[in-house]
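First up is the structure itself, then whatever we jot down about it.
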Protein chains: 2
Amino acid sequence: MSLVTDRGKPQSADKPTLYKQIRIDIERRILTGEWPPGHRIPFEHELMSSYGCSRMTVSKALSELTQADLIERRRKAGSFVRRPTFLSAVLKIADIRAEIGALGRSYGYELIQCSRRAANAADRARLGARKTGKVIAIACRHSADDVPFAIEDRLIDLDAVPEAATADFATEPPGTWLLHHVPWTEAEHSISAIVADEQAAAALDIAIGAPCLVIDRHTWRSARPLTAVRLLYPGESHKLVARFKGG
Amino acid sequence: MSLVTDRGKPQSADKPTLYKQIRIDIERRILTGEWPPGHRIPFEHELMSSYGCSRMTVSKALSELTQADLIERRRKAGSFVRRPTFLSAVLKIADIRAEIGALGRSYGYELIQCSRRAANAADRARLGARKTGKVIAIACRHSADDVPFAIEDRLIDLDAVPEAATADFATEPPGTWLLHHVPWTEAEHSISAIVADEQAAAALDIAIGAPCLVIDRHTWRSARPLTAVRLLYPGESHKLVARFKGG
DNA sequence: CGTATCGATATGTCTATACATAAAATCGTG
DNA sequence: CACGATTTTATGTATAGACATATCGATACG
């Protein structure tokens with residue numbers, strides 16, 4: 001049973017119109033950390049001239065980014081990148097290094113295991129890939145201020161992302177590398193709760209049987225699976241917070 | 001430690017402009033279930049004439065609802081209420097009866113405990129209320145197809161919501177009653193994971209120590225606390241799913 | 001009867017313009 | 001210098017109109 005029904009496989013990306021292109025360009029810079037929280041994004045009239053369009057078009061892009069809580073617009077002052085306070089923004093970032101950085105904590109990374117192999121049945125099922133091929137399996141740990149923050153268990157489809165073969169995941173977290181090198185068109189997150197087994201407990205420095213928040217993230221490019229990742233956060237000490245306005 | 005930093009107390013609601021009023025009016029009908037999933041909302045030209053405004057203004061309201069995944073717009077056909085597939089929509093609904101109904105399951109409700117009392121220190125802390133006053137404390141259980149779906153533990157500030165004194169929570173779930181009778185301006189959700197204690201395990205028909213997904217929801221009207229509720233879902237069998245498009 | 005075409009229609013994007021509003025910046029005065 | 005009034009400026013909302021595009025439904029054709 002699931003809280004929500006599934007929508008089936010993700011559809012392919014639609015042709016980007018101008019305002020969408022502006023939105024995507026800005027979003028990319030924010031999500032990769034190129035424009036960190038607090039950064040002032042160009043004024044509307046600057047975007048107007050650089051994209052050669054009217055103010056309404058720029059404004060539409062900025063409005064959507066505001067609704068997604070990625071930016072904050074202040075009259076007279078301009079528009080600024082928000083720190084990831086909201087659930088949707090936190091989920092969208094998907095780069096734990098940037099997430100920890102945005103929280104003002106020091107980031108630590110440790111590769112636990114990394115292997116390349118031909119995809120077995122379980123790998124294919126997890127990726128949702130039909131054909132068999134090569135995959136990279138990665139296990140690693142992220143820490144904030146030297147305290148374990150999350151453990152990551154990831155599978156990358158090497159046929160869809162051949163460049164991953166040359167990446168050095170010993171020094172760069174796979175999420176960060178992917179975000180900077182591989183464009184994606186669809187992503188799906190699923191949040192659930194489990195209890196820590198022996199291995200997870202040891203890696204996160206918590207008790208066996210302690211609750212953990214799980215985020216499973218799948219990413220596609222034009223309906224082709226790129227990567228599947230499971231993130232385990234120590235459950236009681238972590239919260240995902242979302243705020244709404246309404247009536 | 002928290003995945004996200006807190007933004008402090010919610011700010012008061014801003015003056016609703018015309019497009020926001022349209023958005024809020026439609027949103028209300030969707031969130032209360034008056035317009036169920038699949039319902040066709042009025043055409044843009046109908047909204048234009050009923051609100052006496054231009055098409056751009058109507059379109060802006062509908063665009064925001066689209067971005068929030070509350071509606072789906074199809075050329076030539078019109079705009080339709082979506083079933084709550086997305087995380088943000090699921091979180092926004094906050095009415096478990098409507099949620100279960102939208103999933104096509106039969107809804108069951110059972111009041112476990114309901115009492116009225118003067119707020120003690122713990123109650124005030126939970127609501128974030130400064131002054132002391134009367135509160136209603138409610139415990140109840142929601143089920144889908146006769147299987148326990150979630151248990152709810154709620155506190156309502158009777159001074160902020162005096163009408164709640166006359167509501168019959170034995171027959172109507174408090175979430176549903178509140179959604180139909182009490183307007184709110186800000187809400188905050190927090191998602192975390194815990195393990196079931198003896199009481200929760202018994203109510204949800206799961207094992208003690210089994211993981212549970214927790215949603216804590218606080219609701220304000222113009223910065224005044226209205227209600228605080230904790231929902232416990234059996235953890236492994238429930239998932240919150242969110243999808244994104246991006247590049 | 002099935003299918004290809006085409007027109008009607010509702011949404012999707014974009015422009016140019018206008019005025020409102022909040023807040024930073026500046027100025028002027030005590 | 002302190003402090004209030006004024007100006008400037010970037011965003012916020014709204015308009016009317018234009019053209020693009022997807023798609024429903026009807027019509028014509030094989």
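So that the names make sense, note that chain A is the first sequence line, chain B the second, and so on, each numbered from 1.
Between Tyr107(A) and His142(A), the two ring planes are tilted [angle within 30° to 60°].
Nearest nucleotide to the side chain of Ser79(A), out of dA10(C), dT13(D), dT11(D): dT11(D).
Phosphate proximity of dT15(C) to Thr57(A): present, with a side-chain N or O under 4.0 Å from OP1 or OP2. One finds no side-chain N or O of Lys76(B) lying less than 4.0 angstrom from the OP1 or OP2 phosphate oxygen of dG12(C). The shortest distance between the side-chain N/O atoms of Arg75(A) and the OP1/OP2 oxygens of dA24(C) is not below 4.0 Å.
Salt-bridge annotation for Asp145(A) and Arg105(A): present, with a side-chain N of the basic residue lying under 4.0 Å from a carboxylate O of the acidic one.
In this structure, Ala77(A) and Thr66(B) both approach DNA chain C, and ranking their closest nucleotides by distance from the 5' end singles out Thr66(B).
One atom, NZ of Lys60(B), and another, P of dT15(C), lie 16 Å apart when rounded to the nearest Å. Atom CE of Met56(A) and atom P of dT11(D) are 14 Å apart (whole Å).
Heavy atoms of Leu18(A) sit under 4.0 angstrom from primed sugar atoms or phosphate atoms, though from no base atom.
Taking only distance into account, the side chain of Arg55(A) meets the base of dG12(D) through a donor-acceptor pair shorter than 3.5 Å.
A donor-acceptor pair shorter than 3.5 Å cannot be found between the side chains of Gln21(A) and Tyr51(A).
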key: side chain to side chain donor-acceptor pair (under 3.5 Å) assessment of Tyr109(B) paired with Glu172(B)   = CA-CA 8 Å; Tyr109(B) 170 71; Glu172(B) 189 173 22; over 6 Å; no
